[in-house]
Each structure stands twice: as C-alpha cells, then as structure tokens.
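Below, all heavy atoms of this structure are taken into account, side chains as well, without hydrogens, waters or symmetry copies. First listed ligand is number 1; within each ligand, the first listed atom is number 1. Numbering of residues begins at 1 and proceeds along the displayed sequence.
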Amino acid sequence: MENERAQWGSKIGFILAAAGSAVGLGNIWKFPGRAYEGGGGCFLLIYLFIVIFLGVPMMITELSIGRASQTNIVGVFDKLGHRRFSWAGWVGVIGAFIITCYYGHVGGWVLRYVVGYASEAPKIYDDSLGYFYNMLGYNADGKTFFPWVAVLFAAVFMLINAVVIIRGVEGGIEKFNKFGMPALFFMLLVLLVRSVTLDGSAAGIHYMIYPDWSKVTFDTFLAALGQAFYSLSIGMAILITYGSYLPKTENIPKNTALICAMDTLVAMLAGFIIVPAVFATLGEQEVGKGGGFAFVSLAKVFEQMPGGTVFAVVFYLLLLFAALTSSMSLIESIVAFLTEHFSWSRKGATIGVCAVMFLIGCLYTCSQAAFPIKGVWLDAANGVTFPAFCDFMEFLTDRIMIPVCALGCCIFAGWVWKPEKIIAEIEQDGVRFRLAKVYSVLIKYIAPLAILAILIISFVTGMTLS
Ligand code: PHE
C-alpha cells in the first residue's frame, strides 16, 4: 500500500497545495471578524506571536511525522510505534469532519455571491444587509423562513468537492493553485487600495494598527490560538496527510516558513480590507460579527469602485477556489483515513462523507436564524450554556479539538518520538535545519505548555459566546 502513495508532481505543487489548504475562508471570512473582536492591533500582535512560536514548529512537526510514517493521521502513531497516541489522531479526524460540515455551507455562501454579483448586483448594492439575511433565512423585521438559498448553494459546493476528490487530488489541486493563489493575492491588493481610501475608513485603520489592550482577555489568546491553527490547517490531520505525499528531498522548515508567511499575509490583508470597510460602511452593529463581515461590508467597496461588479465576481470566484482547495484538503484527509483504516473504496467514502457533511451542515445554516437549534457548552465561569448550534460547531473545533489534537501531536513529538527523530527526518538528502535547537525547545516546552495553559485558563475564566 505505502509505496503506492501518491506524491506531489513538483516542488511548487506541494507548497501551493499546502498553502491552498491554509489559505481559505479562515483568512478572509473568519480572521477579520476575530481581529475586530480581539481589539484590532493587539489581536494582530498576539496572532503573529502565536504563528511564529507555535504555528511554525507545529507545522514542521506535522509535516515531518507525516513524511516519516507515510500514512494517515490515525495510523501515524501506530506506525511510529506508539499506538496509545492514536486518540490525538481521532480528535483530528473528527474535528476535520465537523469543520467541513460548516465549511461546505460557508463555501456555498461564497458561491451564492459569485452568482449574485454576476446576475443581480444592483440588488446587493441596494440592500447588502437584506441580501445576506435573505440568504440565511430571515428578513429585517425579524421574520424567519427556511434558508433554502444557502442550502441549495451549499449542496452545489459539496458536489464540486466530491467530483474533484473522486478524480484524485494531485492534478487538480496543484494546477488550480498555480494560478489561483497569485491571482487571489493580486485581487486583495487592489481591494486594499479601495478599502483604505473609502470615506470613513480611517477609524478602522487606526483600530487595526493601535493596540487597545483593554479588550484583551485570556479568551483573546485562545481565540488567536484557535484562529492561527485553523488558518494554518494545523491540529486537523491535514498536514500529516500532505506530508506523507512529500518527497524526502524537500526542505520542510523552509517550506513551512513560506506557507506560514503566505497564509498570514493573506489574513492580514483581509483584515486591513474588511475592518476599515466595516467602519466606513454600515458599522459593526449592522454588519454583524463574523459572517457578515466578508459579505455585507464588501458590497460598498465594490459599489464605489470603477468596474466594481466585475471585480466582485472575480473576487468571490477566487475566494470560492481558495475555499475549495481548503475543503478538499479536509475531505481528502478524512477519505485517506477511511480508505486506509477501514479499506473503504475511495468513491464510496467520498460520496458518503460529503453527503453526511452536507446534512449536518444544514443544522449549521438553519441555526443561523430560522430554527433555534442549540449546542451545549460548559466552562467554569458560566456553567452550562446553550449557544446557537452554528457557534457551537465553531467553538468546539477551534477552541477544543484543534488545540487538543495539536497538544497530542507536540507531546508525542517532543517527549515520545523525540525531536531528534524529527530533526533526522528533516535533515535527509543534505538538507540542513539551522534552527534545530530552537525547534526542540519550542516543541518540547513552549508549545505544549502554552497550549495547555491557554486551554485551562479559558475554561476557568469562561468564554465569550456570541
Ligand atoms: N486553513 C483553512 C482556512 O483558513 C481551513 C482549514 C482548517 C483547512 C483546518 C484544513 C484544516 O480556511
């Protein structure tokens, strides 16, 4: 089995595929909202700090153990002789599954906006908030209805995923990323110029630059940790799977630095596009946190741009592709696990998984407004609470499952399998890992302690559930 594993067709193919997994809705849909809630400037600093000192070593670790074991996330620990760590793999696979359930639906929103701008842009400009609400099943005077628009587009999004995955990832994902990523980047630069020159955006820029430490709580750290890992696709089994397709000649630390830099740059760009746009347009209360940020606030930016509608279509199209490469990486790692662990057929596993994800995702979309579907949450400060199901899914994955899986991986790498083996895996074929010592300290002490501390403290101080 193992020696039949696919390999990336080219060096740039791998970097772009990993970057494609990393750059996605997390950067553009989630990051600006989180940065806003976390106090702007200070969130950016905390975020950067976490990416450099926790994100980079975690990514190096996942890619290396993936490449060393040549297998999927659950099999990894078994293969390397430590079966009792398989729980970390299970948390990763289940987390990836839950993320994809809602990721597929938000991907559907993006598709909705591609079609919307292409066919009825004036309607969006006219009432950008109403358009967004309408997609999710409610209107301004509080009437709710079944969000069939969102559900329909989510179904199409998942269908596209399934078709591409059944055909095999390498060709498709690699090819798209080669031109899609640079194009997305260019588009963001154009939007940045327009957004920061909008009337009234200065306050937003100020907010994103000057740290307002009064907004920072322990919860901000957990939010930044969850966001950073989510955005880099860490703690979710993806990089282990991708690492297993990686030729031994690749320089893992160098690639990691590049991927982390690209991902963070895109997130920052999105933050500096969307937050000022929110300040310049409807204001935070109206636009709504999270979701609305990337959809509602940009309408004014496009409206006030020459050729804005064309830009809008191209922008959402690129975002759609970015979302697809991320969701495919998630589904691919689950499918890789099911086919290798339970010997399911690739086609059957893909169709089954995508269908179930879509259905669970419907609960996410329906709980936005139309139906009062609740999750359950427990922390020491607030006791048991019942957040909306959509928030529940995101909290469960970003704030528990990702950190826990990452914690398992770094304890395994730092204390059980040992950094020396990781370094040996990296230093093959003449590759030199100059920061090996720093890496060992980070993965043995800093990363596990920081993740554990953040997890415990935010359990004790409670989470701000929106
Ligand atoms: N990193 C992706 C994004 O930012 C989402 C993702 C999360 C992909 C976890 C894989 C694993 O959108």
Side-chain angles (χ1 to χ4, degrees), residues 16-35 47 50-51 55 58-59 62-63 66 72-73 89 91-110 157 161 165 169 173 177 180-181 184-185 188 223-243 256 259-271 274 290-291 293-294 318-337 353 357 361 393-394 396-406 409:
L16 288 172
S21 166
V23 175
L25 296 169
N27 305 60
I28 290 166
W29 162 65
K30 266 192 189 204
F31 182 84
R34 294 265 183 276
Y47 184 85
I50 289 180
V51 167
M58 282 305 307
M59 188 180 281
E62 287 198 16
L63 288 175
N72 59 70
I73 175 87
V91 174
V93 172
I94 297 169
F97 180 86
I98 301 176
I99 289 184
T100 323
C101 296
Y102 75 77
Y103 209 88
H105 277 247
V106 182
W109 304 357
V110 178
F157 184 85
N161 272 294
I165 296 208
V169 268
I173 292 191
N177 282 321
M181 294 287 280
L184 179 65
F185 197 70
L188 288 172
L225 179 86
Q227 174 64 28
F229 283 11
Y230 181 96
S231 187
L232 297 170
S233 305
I234 288 169
M236 274 299 103
I238 281 78
L239 295 171
I240 292 186
T241 309
Y242 273 26
T256 298
I259 296 162
C260 291
M262 280 201 245
D263 186 70
T264 306
L265 198 62
V266 171
M268 297 278 166
L269 275 174
I274 292 177
F293 264 42
L318 291 170
L319 183 56
L320 178 72
F321 280 120
L324 278 170
T325 52
S326 297
S327 59
M328 281 172 198
S329 75
L330 283 157
I331 302 172
E332 168 65 19
S333 73
I334 299 167
V335 168
F337 163 69
V353 160
M357 283 170 172
M393 283 173 91
E394 289 183 46
L396 190 63
T397 48
D398 295 13
R399 296 181 176 213
I400 298 186
M401 303 185 84
I402 291 181
V404 167
C405 172
C409 289

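- Residue-ligand proximity, Met236 to ligand 1, at heavy-atom distances under 4.0 Å covers atoms 9 (C), 11 (C).
- Given atom 12 (O) of ligand 1, the protein heavy atom at minimum distance is Tyr103 OH, 2.5 Å.
- When the heavy-atom distances from atom 2 (C) of ligand 1 to Gly26, Ser21, Gly24 are ranked, the shortest goes to Ser21.
- Scanning the protein for heavy atoms near atom 8 (C) of ligand 1, the closest one is Ser233 OG, 3.3 Å.
- Considering backbone and side-chain N/O atoms, Leu232 never comes within less than 3.5 Å of an N/O atom of ligand 1.
- Residue contacts with ligand 1 do not include Trp29, since none of its heavy atoms lies under 4.0 Å from the ligand.
- Here the closest non-hydrogen pair linking Ser21 and Ser326 is O-OG, 2.9 Å.
- Each of Leu239, Val51, Ile402 was evaluated against Ile234; a single residue qualifies, Leu239, per the side chain to side chain contact (heavy atoms under 4.5 Å, CB included) test.
- Less than 4.0 angstrom separates some heavy atom of Ser231 from each of these atoms of ligand 1: 1 (N), 4 (O).
- Ring pair Tyr230/Tyr103 is tilted by interplanar angle, where 30° to 60° counts as tilted.
- The protein non-hydrogen atom at the shortest distance from atom 4 (O) of ligand 1 is Ala22 O, 2.8 Å.
- Nearest heavy-atom pair, Glu62 versus Met236, reported as atom, atom and distance to 0.1 Å: OE2-N, 4.3 Å.
- Listed by number with element, the atoms of ligand 1 under 4.0 Å from a non-hydrogen atom of Ser329 are 10 (C).
- Between Leu25 and ligand 1, at least one N/O pair is under 3.5 Å apart.
- Looking at Ser231, its side chain never comes within 3.5 Å of a backbone N or O of Gln227 through a donor-acceptor pair.
- Residue contact check: Asn27 has heavy atoms under 4.0 Å from atoms 4 (O) of ligand 1.
- With Asp263 contributing its side chain and Cys260 its backbone, the two residues share no donor-acceptor pair below 3.5 Å.
- Of the N or O atoms in Tyr230, one or more lie within a sub-3.5 Å distance of an N or O in ligand 1.
- The shortest side-chain heavy-atom distance between Phe157 and Val106 does not fall under the 4.5 Å cut-off.
- A donor-acceptor distance shorter than 3.5 angstrom exists from the side chain of Thr397 to the backbone of Glu394, with no hydrogens or angles considered.
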